[in-house]
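What follows is a short report on a single structure.
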Amino acid sequence: MKASNYLRDGFLLPKMKGFISIGLLILSNTFMTLAWYGHLKFKDLKGFENLGIISVVLISWGIALFEYFLQVPANRIGFREYGGPFSLLQLKVIQEVISITVFLIFALLFFKSEHLRLNHVIAFILLVIAVYLVFKK
């Protein structure tokens, strides 16, 4: 496909902005999940097992900084009033589904004591239905 199909007056078309926005949201939520929950695995890492709460908070803030570097551009690129395809409510619901998805993958990979149950699956399906309803005209 020609570049002119993706660009209009030097700017990305809203559809491409939507994909970029979602990609940035996935990355930002990965950092957010690491910042919020990654420290719970510090006890398993040599040199981190005895860190105090202040050190853990500062490390988490450092990780969360990268989340903000991605989250803010994701919302600006995706928001309709900045030329993106999404309303504010659509952006928020998309972000929540991405957040739950990233967290679920993280929890299942790094916390072997966590198990996916039927009620978790049903809750996730309801979130996906929420995305559908938010986009319904």
Side-chain angles (χ1 to χ4, degrees):
M1 193 171 273
K2 293 192 289 184
S4 61
N5 291 337
Y6 293 115
L7 298 174
R8 181 182 56 215
D9 299 326
F11 296 102
L12 292 171
L13 291 172
K15 188 172 186 175
M16 282 304 295
K17 284 186 170 189
F19 288 122
I20 291 168
S21 179
I22 289 170
L24 289 171
L25 286 172
I26 291 168
L27 291 171
S28 76
N29 277 280
T30 301
F31 281 105
M32 178 189 73
T33 300
L34 287 171
W36 285 14
Y37 302 102
H39 64 87
L40 298 175
K41 294 302 279 184
F42 280 4
K43 65 179 176 32
D44 300 335
L45 298 174
K46 186 175 167 84
F48 289 89
E49 65 269 17
N50 296 318
L51 286 177
I53 191 68
I54 299 297
S55 297
V56 170
V57 168
L58 291 174
I59 290 169
S60 292
W61 276 353
I63 295 169
L65 178 64
F66 293 100
E67 181 227 341
Y68 281 90
F69 281 139
L70 298 165
Q71 179 79 26
V72 171
N75 287 330
R76 281 194 150 225
I77 290 167
F79 188 42
R80 188 172 289 145
E81 291 185 23
Y82 283 92
F86 306 125
S87 71
L88 184 62
L89 291 173
Q90 289 169 337
L91 270 172
K92 181 59 181 169
V93 173
I94 290 168
Q95 188 277 329
E96 291 302 329
V97 170
I98 290 170
S99 178
I100 295 293
T101 303
V102 168
F103 174 78
L104 180 64
I105 292 167
F106 176 83
L108 293 175
L109 286 176
F110 295 103
F111 290 86
K112 301 299 182 187
S113 62
E114 297 295 320
H115 303 286
L116 188 60
R117 294 186 172 82
L118 180 60
N119 60 318
H120 302 135
V121 173
I122 292 169
F124 185 75
I125 290 169
L126 291 173
L127 285 170
V128 172
I129 291 170
V131 171
Y132 169 76
L133 291 174
V134 165
F135 278 88
K136 189 152 176 62
K137 302 282 183 207

Is any side-chain heavy atom of [Y] closer than 4.5 Å to one of [X]?
| X | Y | answer |
| --- | --- | --- |
| F42 | V56 | yes |
| F111 | L40 | yes |
| I94 | V134 | no |

Establish whether [X] and [Y] are linked, either directly or via other cluster members, by ILVMFWY side-chain heavy-atom contacts under 4.5 Å.
| X | Y | value |
| --- | --- | --- |
| L133 | I125 | yes |
| F31 | F69 | yes |
| I98 | I105 | no |
| L24 | V72 | no |
| I100 | L116 | no |

Ignoring hydrogens and angles, tell me if any N or O in the side chain of [X] forms a donor-acceptor pair with the backbone of [Y] under 3.5 Å.
| X | Y | result |
| --- | --- | --- |
| K17 | P85 | no |
| E49 | G47 | yes |
| Q71 | Y68 | no |
| T101 | V97 | yes |

Quiz item: Which atom pair, heavy atoms only, marks the closest approach of L108 to K112?
Solution: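 Scanning both residues, the minimum pair turns out to be O-NZ, 3.7 Å.
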
Quiz item: What are the two closest heavy atoms between A35 and A64, and how far apart are they?
Solution: CB-N, 3.8 Å

Quiz prompt | Distance-only donor-acceptor check, side chains N29 and E67, under 3.5 Å | solution = no

Quiz item: Residues two or more places apart in sequence or in another chain: which of them pass side chain to side chain donor-acceptor pair (under 3.5 Å) with S21?
Solution: none

Quiz item: Can you check side-chain contact (heavy atoms from CB on, under 4.5 Å) on I59 and L51, steps first, answer last?
Solution: CA-CA 10 Å; I59 290 169; L51 286 177; 3.7 Å; yes

Practice problem: Can you label the angle between the F79 ring and the Y82 ring as parallel, tilted or perpendicular, going by 30° and 60°? | Solution: tilted

Quiz item: Within 45 degrees of the axis of the six-membered ring of F48 and under 6.0 Å from its centre: does K43 put its NZ or CZ there?
Solution: no

Give, for atom [atom1] of [X] and atom [atom2] of [Y], the distance between the pair rounded to the nearest 0.5 Å.
| X | Y | atom1 | atom2 | value |
| --- | --- | --- | --- | --- |
| N50 | S55 | CG | OG | 11.0 Å |
| S60 | M32 | OG | CE | 12.5 Å |
| L109 | L104 | CG | CG | 9.0 Å |
| F103 | T30 | CZ | OG1 | 13.0 Å |
| I22 | L27 | CD1 | CG | 12.5 Å |
| L58 | I63 | CG | CD1 | 11.5 Å |

Self-check item: All pairs passing ring-ring contact (aromatic ring centres under 6.0 Å, His included) where residues 115-137 contributes a residue, at least two apart
Solution: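 Checked against ring-ring contact (aromatic ring centres under 6.0 Å, His included) - neighbours excluded - the pairs reaching residues 115-137 are F86-F135.
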
